[in-house]
Amino acid sequence: MSDIAAAAPQNSLRHIIIGAGMSGMLSAIKLIERGETNFTIYEKGDSVGGTWRENTYPGLACDTPAHTYTYSFAYNPDWNAFYASGNEIRAYFESIADRYDLRKYIQFNTEIGSAKWDGTHWNVTTKDGKTDRGEILVCATGVLHVPVVADIPGLKDFKGPWFHSARWDHSVPLAGKRVGVIGSGSTGVQIVSALVKECAKVVHFQRTAQWIFPSLVREFTEEDKAAFRADPTKIDEIRFGPEAFERRNRFTTAIIDVNSPELAEIQAICEKNFEDNVHDPVLKEKLRPNYLAACKRMIFSSDYYDAIQQPNAYLEAGSIDRVEANGVRMKDGTFHELDVIAVCTGFDVSKFVRPMKIYGEDGLDLDEYWAKGPSAYYAVTVPHFPNMLLYNGPTGPVGNFSLIDISEFQWLYFSQLVDLVRQGKAAGFYPSEAAHADYMARRNEQAKNTVFASGCKSWYLDADGIPAVWPWSYAHFEEVMRNPKFEDYVLTSAAA
Ligand code: NAP
């Protein structure tokens, strides 16, 4: 038996959980609730919270309402606002780790290098040479965890500090500085909105204009919080009430049907927000997108339009030629002198569990299996990789939803499959090639009808330009996760 497994209580199947973010912690809590404590969480960082530990940039907030971005079993009456800040969300996950005493199960600063299936177990090796062995491999590694620094000529020659948004260097003072922000996704927009309040100048480098949905600004008072504490049904109202249903239903219907009235409504709201709040005709032309709202991931903001119209802000919509020692040179020759550059150019969304090396049945290398692009049956399991559970895997419902809700549904699905092993019906399970191929064919076809395929570029698109996200309704996702089709699974025996 391996070193870490030997020290663990042997009361159940052993789960090896990779990642102590939202979904890794969820798995741990759900196992503990069942009385199963034979698991370890491996976490490459030094604390819990995943994306909320890695991203600490100014203006960081979650554009999913805080009361819906909360575990269903651990409401938080103390959220300070309808949309919570990144700091507050990180504190929430820290408090959950305390409440469920999770840290004793977590090996911090420990990155898994490889995982190999041996016919009955996964054998993992950490980058520092420790080993572990367990029947179930839970990949809770997140989607947006490999930052991409755009390949902009000269960036490395910039003489001031520069960093990716997910590696924010808080030792760099920003007050009174001239800061360039490259990228106008959800991250760049939040950062610009925050920086104009303290910097001498903010230049926002926008390659593609974005539609912006106006977001609600509502701080919760002490009275609000007391009311939530006294009566959790008030939180239920925010999570499940007609307004929440309307919001989610409108959005999901809109994204899966480009011709829907719901998408037209979203388009109208974004256009009105734009017309009402952007006044200068030159700026208007730079900021007006030439594709449908929600084609790229929808940006929610209450303050970006105001921020970019401040006297110390400038929207640069031209093409960057190169970065020079003192700033950024545009293709038309314009030069922006800068002290600091924040690179907000997103993440490599094709990685998923990688760079870990994963070997499934008969030593099959996941990199080889995914050579033409990552895929997973219903976004959660992969043929020939027994008992490997992917949270938010390829083609999952990422986007403007609460990923916590989604992960909870995925756990419900996983636990029903793991029961097959618990009950001795199989040593391993994985989806059949046929079921996976059928899923992918239906999914790819359906994805072509989504707004994501309506003529813009975004991180939702795979290498073939097909949106690699859930193309059906949220209700269908719930239905599928509640009711696994066991007949689609291959069951392996210990002798296999
Ligand atoms: P992103 O959406 O991928 O945006 C990257 C930005 O960088 C885009 O504006 C892109 O322009 C630009 N870019 C890329 N390469 C460039 C280059 N070579 N030169 C100039 N510009 C370049 O990344 P993100 O903003 O970090 O957001 C990623 C995801 O994180 C979001 O979609 C969301 O899922 C999540 N997020 C969520 C929240 C939240 O509130 N819940 C907040 C922040 C982020 P193009 O548009 O032209 O490609």
Side-chain angles (χ1 to χ4, degrees), residues 22 50-52 54-66 68-69 81-90 142-155 162-168 180-194 203-213 215 255 286-287 289-291 294-304 315-323 328-331 336 341-350 392 396-404 406 452 455-461 467-469:
M22 172 276 289
T51 197
W52 302 103
E54 297 218 335
N55 286 278
T56 59
Y57 59 75
L60 176 67
C62 182
D63 57 17
T64 301
T68 64
Y69 197 76
F82 190 77
Y83 292 107
S85 71
N87 277 343
E88 231 194 317
I89 297 171
R90 183 177 175 182
V143 184
L144 303 163
H145 65 108
V146 180
V148 169
V149 173
D151 189 14
I152 299 172
L155 188 56
W162 66 270
F163 36 80
H164 188 274
S165 52
R167 299 287 181 271
W168 199 269
V181 177
I182 302 178
S184 55
S186 305
T187 303
V189 162
Q190 288 185 343
I191 290 175
V192 167
S193 305
V203 181
H204 193 191
F205 296 91
Q206 169 200 280
R207 187 166 70 176
T208 308
Q210 291 271 10
W211 286 112
I212 295 190
F213 196 94
S215 76
I255 59 181
K286 292 201 263 182
L287 276 176
N290 60 1
Y291 54 86
C295 182
K296 281 170 169 295
R297 184 191 186 269
M298 180 64 85
I299 295 184
F300 286 76
S301 175
S302 60
D303 51 4
Y304 176 73
L315 182 79
E316 175 54 85
S319 301
I320 297 175
D321 183 46
R322 63 186 182 277
V323 177
V328 175
R329 175 83 57 194
M330 308 306 293
K331 288 227 159 94
H336 297 283
I341 297 178
V343 182
C344 309
T345 50
F347 299 84
D348 183 344
V349 296
S350 67
N392 301 308
V398 293
N400 301 84
F401 300 113
S402 166
L403 270 193
I404 301 188
I406 288 163
F452 310 126
C456 68
K457 284 200 182 127
S458 77
W459 66 260
Y460 291 152
L461 303 181
V469 293

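Order of appearance sets the numbers: ligands from 1, and atoms from 1 within every ligand. Residue numbers count from 1 along this sequence.
Qualifying ring-ring contact (aromatic ring centres under 6.0 Å, His included) partners for F163, counting only residues two or more places apart in sequence or in other chains: W168. The disulfide (SG to SG under 2.5 Å) search around C295 returns C456, not counting sequence neighbours. With sequence neighbours excluded, no residue satisfies disulfide (SG to SG under 2.5 Å) with C62.
Residues L287 and Q206 have side chains in contact (heavy-atom distance under 4.5 Å, counting atoms from C-beta outward).
Near ligand 1, residues Y57, A61, C62, D63, L144, A150, I182, G183, S184, G185, S186, T187, Q190, R207, T208, K296, R297, C344, T345, G346, F347, W459 come within 4.0 angstrom through at least one heavy atom.
Note on ring orientation: taking the six-membered ring where Trp is involved, the planes of Y69 and W52 are perpendicular (angle over 60°, cut-offs 30° and 60°).
Aromatic ring centres of H164 and F347: separated by under 6.0 Å.
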